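Quick caveat: nothing in here was measured; it's all calculated off a predicted structure. Counting starts at 1 for both ligands and their atoms, in listed order.
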Amino acid sequence: MGSAGKYELPFKLNNPDLLRNLSYVNGEWVKSKSGKTFEVVDPGTGKAWIECPINDASDVDEAVKSSYESFLEYKKTSPRQRAQMLYKWDSLIKENREDIATLLVYETGKPKSEAYGEIDYSTGFTWWFAGEAERIQGSVFTPALPNRRVFTIKQPLGVAVALVPWNFPIAMNLRKAGAALAAGCTMIIKPSPETPITILTLAYLAEKAGFPKGALTVLTTDLDKTPELSEALCRHPLVSKVTFTGSTRVGKLIARICADNLKKVTLELGGNCPVLIFDDANIEQALSQIFALKYRHAGQACITANRIYVQSGIFDKFLDRWNAETQKIVVGHGSDEETTMGPVTTPRSIQKALELVEDAKKKGAKIHIGGNKIEKNGGYFFEPTVITGVTQDMDIAREEIFSPISTFIKFETEDEAVKAANDTSMGLASYLFTKNVDRLWRLFESLEAGMIGLNTGNSSAAESPFGGIKQSGYGKESGKDVAVNEYLITKTGTFTLEEQS
Ligand SMILES: O=CCCC(=O)O
C-alpha cells in the first residue's frame, strides 16, 4: 500500500502510508471477491490516478458479519474509552491535515484552501462526538402508580451503514462515523466512487487511533455496482441502521428498501435552498456570506444558495456587486495557489449545468455571466454563471443546481418572497438577510426548512443539528443529543417495589 500501482501519482505525500486503495474489512486491507477495480479520477485533469476494488453484493455478508462480531465487543467499551479513541482519531487527522487536504483536492477538485476548510470543519465532529460519548444518558421517573419506578437506558443499535456522498467526503463521513462510534455502534462505510481514498485514509487513522478491528469497515465500489452493493447492505439482517446523504430520488429508494425490515434510517437529501435579501439588509454582509455559500466547492453543497431573492429597492445594486465579485473568480486546478474555484467533481454535473442554463434561456432568463463549459487541461470546469429573470417554472428554480450558477429573482413584498421561497418540495436550509428583528423572527418561524441562516450563509457546525424537512429527508446529524440518538435505542425498565410490612 502507499503507492498508486500502475498510475503515476500527480502529488507527493509527507506520509505515503496514508494512501490506501484496498477495502478495509475486519481490520484487513483486502481486494474484492471479483478482484475487479475502478479508477479514481482527478476532476481537474480528467485523468485517473489510482484504482480501488469494485465490491458487489457478494462482498457484503462477510463484511457485515465481521462488523457485527466487532459490535458485540465494541458495545462493551466504556463511554470514556470511546471518547479517548475519538480524541486520538481527531488529533491524528489534524496531524495529517496537509496530506489529507492534498488527497481531497485530487478526488473532489476543490481548491486547497477549501480542502483545509473541510478538514477543520470535519474535525469539529470528531471532537464534538468524543464529548457526546460521555453524555449519553437515560432517565428515571416516579410514575402515577405507587411503589413503581420507571427508568430508561440508552443502548447502541448495532451495525450501521453509511452511504457517503462525494462533495464533502471527510465531513460527511466524520459526521456519521463520529456519532455512530460515540454511541457504541460499528459502522460500514460505502464511499462514493469519486472519493474513496480520503475515506480509506480516515479508516487507516481510525485503526492507528485504537479502534478495534471491525469497528469501521470501508467497502469501495464503482458507479455501476453502487446500487447492488448499497441494496445488499441495506437488506442484510445484521444491519440495524442506515444513514444516507445524497439525492431525494435515491433517498426514497433507500427508505423503501429499509422499510421492508423496518430499519432505522437517517436521510440527508437534496436542497433547493432559497435566500431572501431585504432592502434593509447590510448589502456587504449579505454579499460576502452568500457569495461564499454559493461558490463553495463550485456550488456543489446541498445547503448552497439555489435561488437568490432580492427585494426591488436594492436589486440592481446587489446584482452589480455580485457580478463584479463573480468576475474575480479564478477557475483552475485545486492545487494551484491562485485558484479560487475548482472544477465540478463529475462530468455529469457539467451536462446538468448546461441543460439547466438552456432551459432557463428558453423560458426567458437572462445570462449575465458565464453559462458554458470551460475547456482546460481535460478538467470538468464550468464558468461561474449569473442568471436573472428566473421564474418558478424553470428547472433551475425547481431542481438542485449543484454547479456554480447563481440565479436571481426580484421581489416586492415579504409575503410574496416567503411564498416563493416555500414553493418547493424540498426543505433543507433557507437564508434571510434583514436588520428588522421582528422580520427575522417571523421568517425563522415561517420558512419551511430544517435550518435557517439569519444574516448568515454559514450555519453548519458540529454543535448545530443538521437536517431537513419535507423531501429533504429526516433525522438529524450533529448537534447535542439528537445526532447520537440516531444510533441508540431507548430501553424502558419498570420496577415494582415490595410493600413494606
Ligand atoms: O452538502 C452537504 C453538506 C454541507 C455541509 O455540511 O455544510
S.K.: Short list, please: which atoms of ligand 1 are under 4.0 Å from a heavy atom of Tyr121?
M.R.: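 Within the 4.0 Å cut-off of Tyr121, ligand 1 contributes 5 (C), 6 (O), 7 (O).
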
S.K.: Could you tell me, atom by atom, which parts of ligand 1 come under 4.0 Å of a heavy atom of Met172?
M.R.: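 Under 4.0 Å from Met172, ligand 1 has these atoms: 3 (C), 6 (O).
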
S.K.: Any nitrogen or oxygen of Cys302 lying under 3.5 Å from a nitrogen or oxygen in ligand 1? Just yes or no.
M.R.: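 In this structure, Cys302 places an N or O atom under 3.5 Å from an N or O of ligand 1.
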
S.K.: Classify the ring geometry of Phe129 against Phe125: parallel below 30°, tilted from 30° to 60°, perpendicular beyond 60°.
M.R.: parallel

S.K.: When you measure from the side chain of Arg307 to the backbone N and O of Ala421, does any donor-acceptor pair fall under 3.5 Å?
M.R.: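 Pair found, side chain donor or acceptor close to backbone of Ala421.
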
S.K.: By number and element, which atoms of ligand 1 are closer than 4.0 Å to a non-hydrogen atom of Phe168?
M.R.: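 Result: 1 (O).
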
S.K.: For Ala301, take its heavy atoms, then give the atoms of ligand 1 lying under 4.0 Å from any of them.
M.R.: 1 (O)

S.K.: For ligand 1, which atoms have a heavy atom of Arg296 less than 4.0 angstrom away?
M.R.: 4 (C), 5 (C), 7 (O)

S.K.: Using a 6.0 Å cut-off, check whether atom NZ of Lys373 has over 12 heavy atoms from anything other than its own residue.
M.R.: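 It does: Lys373 NZ has more than 12 such atoms within range.
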
S.K.: Of the protein's non-hydrogen atoms, which lies at the shortest distance from atom 7 (O) of ligand 1, and what is that distance?
M.R.: Ser460 OG, 2.6 Å

S.K.: Quick one: do Lys328 and Glu325 make a salt bridge, cutoff under 4.0 Å?
M.R.: yes

S.K.: Could you walk me through whether Lys435 and Gln285 pass the side chain to side chain donor-acceptor pair (under 3.5 Å) check?
M.R.: CA-CA 11 Å; Lys435 290 296 163 190; Gln285 180 189 42; 3.3 Å; yes

S.K.: Measure centre to centre between the rings of Phe278 and Phe411, then say whether the value is under 6.0 Å.
M.R.: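 When the ring centroids of Phe278 and Phe411 are compared, they turn out to be within the sub-6.0 Å range.
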
S.K.: How does Thr245 reach ligand 1, if at all, at less than 4.0 Å between non-hydrogen atoms: by side chain, backbone, both, or neither?
M.R.: neither

S.K.: Should Glu268 and Lys176 count as an ion pair when the cut-off is N to O under 4.0 Å?
M.R.: no

S.K.: Is it the case that ligand 1 has an N or O less than 3.5 angstrom from some N or O of Gln300?
M.R.: no

S.K.: Near Arg175, which atoms of ligand 1 are under 4.0 Å from a heavy atom of that residue?
M.R.: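 Near Arg175, meaning under 4.0 Å from one of its heavy atoms, ligand 1 has 6 (O).
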
